[in-house]
Amino acid sequence: MRVLVVEDDDGIAQGLKAHLRQQGWAVDVTDGVAGAWAALRAEPFDLVLLDLGLADGDGAQVLRQLRAAPEGRLPAPGTPVLIMTARDQVASRIAGLDMGADDYVTKPFDPGELAARMRALVRRAAGRAQATLQVGDLQIDPAARTVQRAGLPLELSAREFGVLLALAEARPRVLSRAQIEARLYSWDNALDSNAIEVHVHHLRRKLGDGVIRTLRGVGYFVPENLPGDRP
Ligand code: CA
């Protein structure tokens with residue numbers, strides 16, 4: 001999962017980055033309206049954490065422009081947005097929600113609560129009510145970052161888990177290698193060109209061959225109707 005943090009207080013931004021990385025998010029940080037807009041036009045994000053009082057303008061401007069953007073290309077107008085406001089900014093909170101923000105937190109916030117709200121938003125954006133994903137006989141828990149098969153835990157690396165989660169969330173759509181990379185790695189996290197292939201190779205060894213399929217020349221996908229799927 002990839003999040004864009006728009007925050008001009010460097011202390012808060014770096015704290016968020018460290019905390020969210022620990023939770024398995026790919027985190028990009030920008031400090032203003034211009035930077036946020038440039039990032040949203042360049043890369044797909046699963047979520048935006050948006051401060052309203054920014055050095056070069058009002059974060060609400062980003063939100064308004066994002067929601068008004070045309071469908072089908074970047075920036076994706078439906079990207080979930082969680083606004084961060086000071087406790088006394090009730091009016092701007094209301095305005096933000098009316099403008100299309102999906103949720104808010106007030107500063108100072110509890111990092112655990114923030115992470116749970118972020119997971120809930122991503123879940124809702126994917127149209128899921130359940131907190132876990134069922135893929136065949138696998139149970140994927142995005143909060144705990146664990147995978148179980150028939151109640152027994154599978155040992156996956158953080159990257160392998162990220163690849164599997166991205167494909168499970170997108171199921172049955174095909175994700176290209178570049179799309180998977182974009183969800184796993186942020187700008188300052190360079191990677192080997194064949195890293196995704198290597199993770200998929202390891203995943204197949206651990207999960208069996210049927211779960212992650214290859215569409216030659218296009219990418220990877222998790223098919224519908226795997227044995228063990230709930231009807
Ligand atoms: Ca601020």
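Below, each value reflects all heavy atoms present in this structure, side chains not excepted, and no hydrogens, waters or symmetry copies. When a ligand or atom number is given, it counts from 1 through the structure's own listing order.
A salt bridge links Lys107 with Glu7: at least one charged nitrogen is closer than 4.0 Å to a carboxylate oxygen. Salt bridge present: Asp137 and Arg149 bring a charged side-chain N and a carboxylate O closer than 4.0 Å. Salt bridge status for Arg177 with Glu197: present, with a side-chain N to carboxylate O gap under 4.0 Å. Glu224 and Arg171 are not joined by a salt bridge, as no carboxylate oxygen comes within less than 4.0 angstrom of a charged side-chain nitrogen.
Residue pairs meeting the salt bridge (charged side-chain N to carboxylate O under 4.0 Å, His left out) criterion with at least one member in residues 59-71, sequence neighbours excluded, are Arg67-Asp102.
Among protein atoms, those of element N, O or S found less than 3.0 Å away from the Ca ion (ligand 1) are Asp8 OD1, Asp51 OD2, Gly53 O.
Residues Arg123 and Thr132 bring no donor and acceptor atom of their side chains to less than 3.5 Å of each other.
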